[in-house]
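Below: one structure, written as structure tokens.
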Amino acid sequence: MKNITNNNSAYLLETIFKKIPVGITVENKKGFITHANKSAAEIFGYNSEQELIGENIKHIFGNYKIIDDNGIRISLRDRPASKIFAGLEEVSEVLHFIDKKNGTDKWLLVRASAVKISKNKTPLAVKSFKDITPTIEEQKRRELFLGVVSHELKNPLASIKAYTQLLLRKEDIKNDSNINKYLTNIDSQTDRLTQIINDYLDLTRLTNGKFELNIRKFNPDDTIDKTIADFLLTTKTHHITRTGKIGINTIGDEDRIIQVIINLLSNAVEHSHKGNIINVKSEKDRNFIYISVLDYGVGIPKKYQNEIFKLFRTIPKQTGKKSSGLGMGLYISQAIIKSHGGEIILNSKVNKGAEFIVKLPKK
Amino acid sequence: MQKSTKKNKKNILVIDDDEMILGVLGIVLQEFGYEVRLLDDARIALDLIKRSPPDLILLDIIMPKKDGTELLNEIRKINPHSKIPIILISGSYKIKEIAKEYNTNAYLEKPIDIDKLRSVIENHFA
């Protein structure tokens, strides 16, 4: 009975190996393929798995130009299987295979695992190859679409904004308070529309999983200073004071951090009276650096303090009117900071003001 | 479309595929006191830059007929020490990455704020 059960299991596993729609090969330390299934043969252009078995990977590798996720061409030694023989247990990578002969290409999710057959021998590398070309191409199409949409929407907005600002500079318009007010409203609504478009694009990228961080070294104090200077070029209704100093460099996506600071500054402006002070403070402790934006405006009631970080949640502006965004800014800011391993903390009391603290781990 | 105005002042070349943008930037830059040339086709831009180099270039980085990044590379080739400052303008979110990659002097996101534009240009001429 036991034999029959073992044979059934073996037969089952063998059938699964043969039929699974993912290419699987087993490679030994010398680079020879000892086992292969039909899908693997199909992926690498062999007529059958028998043709693939016994081949050396140098030969197969030589048929392709293989590029990794960062756009760098990989050599034999960089292959996932090679890393297994160098001592790793498991390696998983997305690789771009370009056929040297006909120029066709595909994207494969390659996973390699070490399998020890007997205690003393070097392990074998079991590799699986899953063709994810449709997924990657869809992602690229979406990126292109986002780029085009962004461009098409921003051009007319840019014209509207520029002409409005030109009008606002004319003497006779500056002197007419009604026209001045109406044009200023058009200008600020253009900014609002722009912010919504940018937030929507970010949101789409976040949900597509394409929210990439450009990690580089930067000085957060310099970042804060230039962000404030830039912000003041277009916002003249509030005073911004600066206190504290972090004093060290850190690593992260500086442009995204700037985006967060601008979001917090914009919120501070929106929720406090004209002429008020907004304070930007920076400091550090043993493990974290802190950037905070403090306003002395209407504050946020406790019941909303968790809500406002959620998507599409807004609370009434200090004038009692609805908040001008779609409620995506804080959600996106929190996502950015969380992807840096940090978080945004809120301290606020109604009518006293609000302090948003960006807490980032020291790196 | 090519336009030029005659004044003895700093000369700015604007390259953008959108005629409206060209029009309004032309007016804005003239108000700032600059001589302006407007081009909506990047393909003839190189020739113009070689023949009659501007003092500064405003370049839209995403243009259908000839890609702005291609043009940026070509300008760099004939202008290797980056003597002519190039400011990238774009509606695309990619502009920050492109600016860093090409190590260009500055970039402005559309819609462009006039005060920001003025300050960025003045900083280049300072």
Side-chain angles (χ1 to χ4, degrees), chain A residues 71 143-170 186-195 197-205 210-214 216 218 229-236 253-256 258-259 262, chain B residues 14-33 36 38 40 42 58-65 67-69 87-103 106-123:
Chain A
E143 281 288 305
L144 182 65
F145 179 72
L146 282 182
V148 168
V149 166
S150 166
H151 180 250
E152 293 306 312
L153 287 173
K154 299 261 185 92
N155 270 342
L157 270 179
S159 290
I160 295 171
K161 187 173 175 75
Y163 278 117
T164 308
Q165 290 190 322
L166 271 175
L167 285 171
L168 280 166
R169 294 159 76 90
K170 296 210 171 289
I186 294 176
D187 188 45
S188 72
Q189 288 306 296
T190 313
D191 288 341
R192 177 182 166 192
L193 198 48
T194 307
Q195 191 56 56
I197 293 171
N198 284 337
D199 282 352
Y200 177 72
L201 289 176
D202 272 346
L203 203 60
T204 313
R205 272 181 288 149
K210 253 295 182 174
F211 203 76
E212 285 163 353
L213 290 183
N214 221 341
R216 295 219 168 94
F218 66 96
D230 218 51
F231 187 78
L232 286 172
L233 279 178
T234 53
T235 303
K236 317 220 187 242
D253 188 328
E254 190 186 12
D255 290 317
R256 290 294 187 179
I258 291 174
Q259 183 180 345
I262 291 178
Chain B
V14 186
I15 308 169
D16 192 314
D17 62 326
D18 186 299
E19 269 186 29
M20 280 295 279
I21 299 283
L22 279 182
V24 75
L25 284 180
I27 298 173
V28 167
L29 292 170
Q30 269 181 275
E31 287 218 352
F32 289 162
V36 186
L38 307 170
D40 69 348
L58 282 179
L59 171 65
D60 183 341
I61 208 65
I62 312 284
M63 290 184 286
K65 282 184 223 150
D67 194 44
T69 51
I87 300 175
L88 301 182
I89 53 179
S90 182
S92 168
Y93 64 89
K94 286 208 169 114
I95 188 156
K96 289 177 196 160
E97 291 164 32
I98 296 173
K100 283 211 169 102
E101 215 181 290
Y102 287 85
N103 203 31
Y107 64 88
L108 286 163
E109 282 183 74
K110 285 180 183 170
I112 302 171
D113 182 280
I114 290 188
D115 293 323
K116 238 189 196 172
L117 176 64
R118 174 177 221 160
S119 129
V120 167
I121 294 178
E122 279 176 1
N123 284 340

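Note on naming: letters A, B, ... go to the chains in the order of the sequence lines (proteins, then strands), and numbering restarts at 1 for each one.
Atom CD of A:Q165 and atom CZ of B:R118 lie 12.0 Å apart (nearest 0.5 Å). A distance of 6.5 Å separates CG of A:N198 from CD of B:E109, quoted to the nearest 0.5 Å. Note that the CE atom of B:M20 and the CD1 atom of A:I160 stand 8.5 Å from one another [nearest 0.5 Å]. We find the NZ-CD1 distance between A:K161 and B:I114 to be 8.5 Å, quoted to the nearest 0.5 Å. For the atom pair A:L157 CG and B:I21 CD1, the distance stands at 9.5 Å (nearest 0.5 Å).
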Check the pair B:D113, A:L233 against side-chain contact (heavy atoms from CB on, under 4.5 Å), reporting the backbone distance first and the verdict last.
CA-CA 9 Å; B:D113 182 280; A:L233 279 178; 5.8 Å; no
Determine, step by step, whether A:R169 and B:D115 satisfy the side-chain contact (heavy atoms from CB on, under 4.5 Å) criterion, reporting the C-alpha distance in whole Å, the side-chain angles of both residues, the deciding distance to 0.1 Å, and the verdict.
CA-CA 11 Å; A:R169 294 159 76 90; B:D115 293 323; 3.5 Å; yes
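Looking at every heavy atom in both residues, A:A158 comes nearest to B:P111 through CA-CB, 3.5 Å.
Most heavy-atom pairs under 4.5 Å with chain B, from the set A:D230, A:D187, A:T190: that is A:D230.
Of the atoms belonging to A:S159, heavy atoms from both backbone and side chain fall under 4.5 Å from chain B. Of the atoms belonging to A:N155, heavy atoms from both backbone and side chain fall under 4.5 Å from chain B.
Side chains of A:T194 and B:K110 form no contact here, defined as non-hydrogen atoms less than 4.5 Å apart.
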